[in-house]
Number of protein chains: 2
Amino acid sequence: MKLDKRDLQILAILQEEGRITKSELAARISLSPAACWDRLKRLDQAGFIKGYHAEVALEKIAPASQFLVQIELESHQAADFQRFEDAMQVIPQVVRCVAVGGGVDYFIEIVARDVSAYQVLIDQILESRIGVKRYFTFVVTKPVKESPPPLELLRGEGDD
Amino acid sequence: MKLDKRDLQILAILQEEGRITKSELAARISLSPAACWDRLKRLDQAGFIKGYHAEVALEKIAPASQFLVQIELESHQAADFQRFEDAMQVIPQVVRCVAVGGGVDYFIEIVARDVSAYQVLIDQILESRIGVKRYFTFVVTKPVKESPPPLELLRGEGDD
DNA sequence: AAACACTACCGAAGATTCTTCGGATTACTG
DNA sequence: CAGTAATCCGAAGAATCTTCGGTAGTGTTT
């Protein structure tokens with residue numbers, strides 16, 4: 001499915017303002033609400049929009065710290081990766097997990113009340129026999145920037 | 001401002017389904033739409049909700065790769081940190097930047113078309129005299145998990 | 001215990017928005 | 001220059017939003 005300039009505008013706007021009214025969205029891209037509706041429906045059904053989320057001010061609800069953790073596995077069979085990934089899926093405090101190339105196997109991101117809560121969690125992970133050989137922790141001391149990806153910049157000149 | 005169980009439910013639901021209708025949200029927490037409205041308005045005005053965002057399927061729009069980069073600065077004066085952080089703010093491809101403790105100074109996350117586009121960007125950063133001493137790149141080979149923080153788990157038993 | 005303030009709740013109803021529909025316009029195609 | 005497809009529009013019923021006045025419960029003061 002091809003996306004034109006207007007479709008990209010829609011996605012870019014929704015990335016920033018997920019709860020904008022459809023009328024306002026239509027006005028932003030200089031279209032009638034009905035035409036905008038057609039496009040939005042099409043984009044949605046084609047799977048370009050994975051979902052909508054509220055960004056909650058975690059720090060106002062409770063004390064919370066973030067930790068970035070490098071993970072190296074003991075063994076690198078397909079089954080070992082699978083076991084580790086399955087384990088990450090079921091731990092709520094693990095808010096993100098990516099496999100990487102470049103010296104280690106995974107980066108995970110953990111949210112915990114404080115350092116000691118983090119330590120308890122990490123100890124549990126280590127003792128649960130999911131094949132973690134080594135890990136290294138980075139405490140997030142300051143969130144500097146967080147912004148959605150620039151949709152326009154990813155497209156070359158000749159793209160449809 | 002104090003949050004009761006219902007307020008947390010509201011935030012948790014909105015985190016997952018940012019575009020749920022307010023009537024449906026009210027039904028979920030067993031409240032009338034009007035009562036739910038009061039709470040939502042209160043939460044919003046008190047700044048518990050930073051915003052709403054659509055989650056866009058980047059990979060369907062254009063080829064895109066993610067890179068995690070460890071950054072070490074040459075010098076650690078307050079002004080040096082500031083200059084680096086200011087530089088990160090204005091580069092759209094830098095979708096995230098956090099200061100960390102644990103051997104390096106920053107972690108940044110970059111979205112680029114491919115490895116060569118990433119390399120061009122990194123080279124620009126290095127040549128722009130913002131004090132980067134060393135960096136190390138991890139290519140994201142597989143996004144394993146991505147989920148919002150578990151609001152309930154961060155609260156101890158005695159919290160209000 | 002009565003009076004008061006405070007909070008959270010509800011139902012009703014006008015205002016706004018959503019969503020569908022049929023038809024007009026434009027652009028590409030054989 | 002038909003024919004087809006895609007995109008657009010206005011109108012209008014359906015659904016939702018948002019406000020408002022009023023009720024019930026709770027804790028405090030007198």
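A, B, ... follow the sequence lines: proteins, then strands. Residue 1 opens every chain.
Of the inter-residue distances, the one linking B:Leu121 atom CG with B:Gln93 atom CD reads 5.0 Å to the nearest 0.5 angstrom. Here the straight-line distance linking atom CG of A:Leu3 with atom CZ of A:Phe48 works out to 4.0 Å at 0.5 Å rounding. Taking CG of A:Asp105 as the start and NZ of A:Lys133 as the end, the distance is 9.0 Å to the nearest 0.5 Å.
B:Leu40 has its CG atom 16 Å from the C1' atom of C:dC9, to the nearest Å. If you take CG of B:Asp44 and P of D:dC17, they are 14 Å apart, rounded to a whole angstrom. As rounded to whole Å, 12 Å separates atom P of C:dT19 from atom CD of A:Gln45. In this structure, A:Glu24 atom CD and D:dC17 atom C1' are separated by 16 Å, rounded to whole Å. Regarding B:Ile10, its CD1 atom lies at a distance of 12 Å from the C1' atom of C:dA8, rounded to whole Å. Here C:dA8 presents its C1' atom at 14 Å from CG of B:Leu43, a figure rounded to the nearest Å. The nearest whole Å value for the distance from the CZ atom in B:Arg19 to the P atom in C:dC18 is 7 Å. Atoms NZ (A:Lys41) and C1' (D:dA6) sit 15 Å apart, rounded to a whole Å.
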Atom pairs under 3.5 Å: protein N/O with N/O of nucleotides 7-10 of chain D:
residue	atom	partner	partner atom	Å
D:dC8	OP1	A:Arg39	NE	3.4
D:dC8	OP1	A:Arg39	NH2	2.9
D:dC8	OP2	A:Arg39	NE	3.0
D:dC9	OP2	A:Ser32	N	2.7
D:dC9	OP2	A:Ser32	OG	2.9

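Proximity of B:Trp37 to the phosphate of D:dC17: no side-chain N or O atom is located under 4.0 Å from OP1 or OP2. Phosphate contact (OP1/OP2 of C:dC18, side-chain N/O of A:Ser23, threshold under 4.0 Å): present.
If you check D:dC17, C:dT19, C:dC18 against the side chain of B:Lys22, the one that comes closest is D:dC17.
Inspection of the A:Ser75 and A:Asp80 side chains reveals an N or O donor paired with an N or O acceptor under 3.5 Å. Using a 3.5 Å distance cut-off with no hydrogens or angles, the side chains of B:Glu85 and B:Tyr106 do pair a donor with an acceptor.
No close placement of the B:Tyr52 and A:His53 rings is indicated, their centers lying 6.0 Å or farther apart. Taking the six-membered ring where the residue is Trp, the centroids of B:Phe138 and A:Phe107 are separated by under 6.0 Å.
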